[in-house]
Structures are given as C-alpha cells and as structure tokens.
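Here's the structure we're looking at; comments come further down.
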Amino acid sequence: AERASLAGVRHIVLVLSGKGGVGKSTLSTELALALRGAGKKVGILDVDLCGPSIPRMLRAQDSAVHQCDSGWLPVLAGQEQPIALMSIGFLLERPNDAVVWRGPKKNALIKQFITDVAWGELDFLIVDTPPGTSDEHISTVEALRPYQLLGAVLVTTPQ
C-alpha cells in the first residue's frame, strides 16, 4: 500500500540548500512551471514544514486538502494542465500559523506526505525542502529510498 501513492510518479527531484533564503521554493516553482510548459505532468511536495511557501507562490493558499479512498488528494493549481501540490500550508487553520513541532511529529508528517497522498500519474514530483541539513531531509530521503529518485538540485549562492 505504501508504494501505491508514488507508483505513478516517473521521476522525483529534491531541491536542497545548505541555508535559507537562496531561492529553493522559487526554483521549485519555476522548474515545475517549465516542465508543465514542456507538456509534462508535474507535482510539488512542500516539506518545508516551518515555512511552507509553495501554496502562496502558486496562488493556491486558500485551497483545502480532501480525502479519497487512497489517501489525501493533492491540491490542483492552475486551470489547464494543473500542477498537483501538497503542503502543510493547506492543513493549517490560518496560513500564517506557526508550526512548532519536534522531530518525531515532523518526520511522521513527511512520511505521511510520501505514503498517503494520491499523486496519480506524474512525470515529475519536485520536492521543496527546508533550509539546511535537518531531520526533515533525512526523513524525506529515507521515506523516498524505495523509489527511483531522478536526483537533486542544490541551490547555492556566491557568498
């Protein structure tokens, strides 16, 4: 059952950096838009639990996540050839609420995002990660280990 949620995803790309404020979410969004423009079916998984910006960047912040038989349905952003999105930003009562969670709760939600979201058929799933090299990164990579990762994009700055 765990493999079913990502069974239709052909490629997974992690977007990482060693620090905050370098443009990971912007790059994730632009990459998703470019791939969609090339005719690909795309999704974005926002695992930046303390700073979920993907819903706002794709003007979907007022959307809600719904349940189906196979788990959570991702939010669809855009009219024609929408981008599938999942983010804690859709699960908060108010979008500006702070998420103050310890590691085990964060890790459980990341695993749930990977195992319990009904992504359907996607050519690419872009995973927007939080800044740094925290537990969230380890949890994400461990949960994705059974799947074929295409790779990672490491965002850096010149300083």
Side-chain angles (χ1 to χ4, degrees), residues 1-29 31-32 42-58 60-77 83-156:
E2 277 192 21
R3 298 193 69 119
S5 65
L6 290 175
V9 177
R10 294 184 50 214
H11 304 287
I12 301 170
V13 179
L14 296 173
V15 178
L16 309 148
S17 78
K19 61 183 287 247
V22 298
K24 286 178 302 304
S25 296
T26 300
L27 189 127
S28 296
T29 301
L31 180 58
V42 184
I44 302 177
L45 173 56
D46 183 359
V47 295
D48 188 350
L49 304 182
C50 294
S53 57
I54 294 296
R56 189 177 65 254
M57 294 185 100
L58 286 164
Q61 67 269 31
D62 295 327
S63 301
V65 171
H66 299 286
Q67 289 282 139
C68 70
D69 290 342
S70 52
W72 287 335
L73 287 171
V75 168
L76 299 178
I83 296 174
L85 308 175
M86 181 53 67
S87 172
I88 194 173
F90 298 128
L91 305 175
L92 301 173
E93 283 187 34
R94 291 178 303 279
N96 293 327
D97 282 353
V99 177
V100 184
W101 289 357
R102 296 187 69 105
K105 194 167 182 180
K106 287 181 180 181
N107 297 343
L109 182 62
I110 289 169
K111 184 168 188 205
Q112 191 170 11
F113 277 168
I114 291 169
T115 59
D116 295 347
V117 176
W119 290 105
E121 296 292 322
L122 293 177
D123 294 308
F124 290 91
L125 178 63
I126 310 299
V127 182
D128 185 40
T129 67
T133 54
S134 63
D135 279 351
E136 287 98 322
H137 298 89
I138 296 167
S139 297
T140 302
V141 171
E142 284 179 0
L144 289 171
R145 192 177 308 276
Y147 310 99
Q148 295 299 313
L149 280 176
L150 175 63
V153 175
L154 184 62
V155 183
T156 63

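- Separation of atoms CD1 (Ile12) and CG (Leu125) is listed at 5.5 Å; rounding is to 0.5 Å.
- Counting all heavy atoms, side chain and backbone alike, Lys24 lies closest to Thr129 at CE-O, 3.2 Å.
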Pairs of donor and acceptor atoms involving the side chains of residues 42-53, under 3.5 Å and at least two apart or interchain, shall be tabulated with distances.
from: Asp46; atom 1: OD1; to: Asp48; atom 2: N; distance (Å): 3.1
from: Asp46; atom 1: OD2; to: Ser53; atom 2: N; distance (Å): 3.4
from: Asp46; atom 1: OD2; to: Ile54; atom 2: N; distance (Å): 3.4
from: Asp46; atom 1: OD2; to: Ser87; atom 2: OG; distance (Å): 3.2
from: Asp48; atom 1: OD1; to: Gly51; atom 2: N; distance (Å): 3.2
from: Ser53; atom 1: OG; to: Ser25; atom 2: OG; distance (Å): 2.9

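- With sequence neighbours left out, the side chain to side chain contact (heavy atoms under 4.5 Å, CB included) criterion links Ala152 to Leu14, Leu16.
- Taking the side chain to side chain contact (heavy atoms under 4.5 Å, CB included) definition, one finds that Thr156 meets it with Leu154, sequence neighbours left out.
- Atom SG of residue Cys68 and atom CG of residue Leu73 lie 4.0 Å apart, to the nearest 0.5 angstrom.
- Taken from CD1 in Ile83 to CG in Leu76, the straight-line distance is 10.0 Å, to the nearest 0.5 Å.
- When all heavy atoms are compared, the tightest approach of Arg56 to Gln61 is CA-OE1, 3.7 Å.
- Under the side chain to side chain contact (heavy atoms under 4.5 Å, CB included) criterion, Asp116 pairs with Gln112, sequence neighbours left out.
- Remark: Ser63 pairs with Ala60, Val75, Phe90 by the side chain to side chain contact (heavy atoms under 4.5 Å, CB included) rule, at least two apart or across chains.
- A ring pair (Phe, Tyr, Trp, His ring centres under 6.0 Å) check over residues 102-143, counting only residues at least two apart or in different chains, returns the pairs His11-Phe124, Trp72-Phe113.
- Side-chain atoms of Ser17 never come within 3.5 Å of backbone atoms of Pro131 as a donor-acceptor pair (strictly under, hydrogens ignored).
- The CG atom of Leu27 sits 8.5 Å away from the CD1 atom of Ile126 when rounded to the nearest 0.5 Å.
- With values rounded to the nearest 0.5 angstrom, Ile88 atom CD1 is found 9.5 Å from Ile110 atom CD1.
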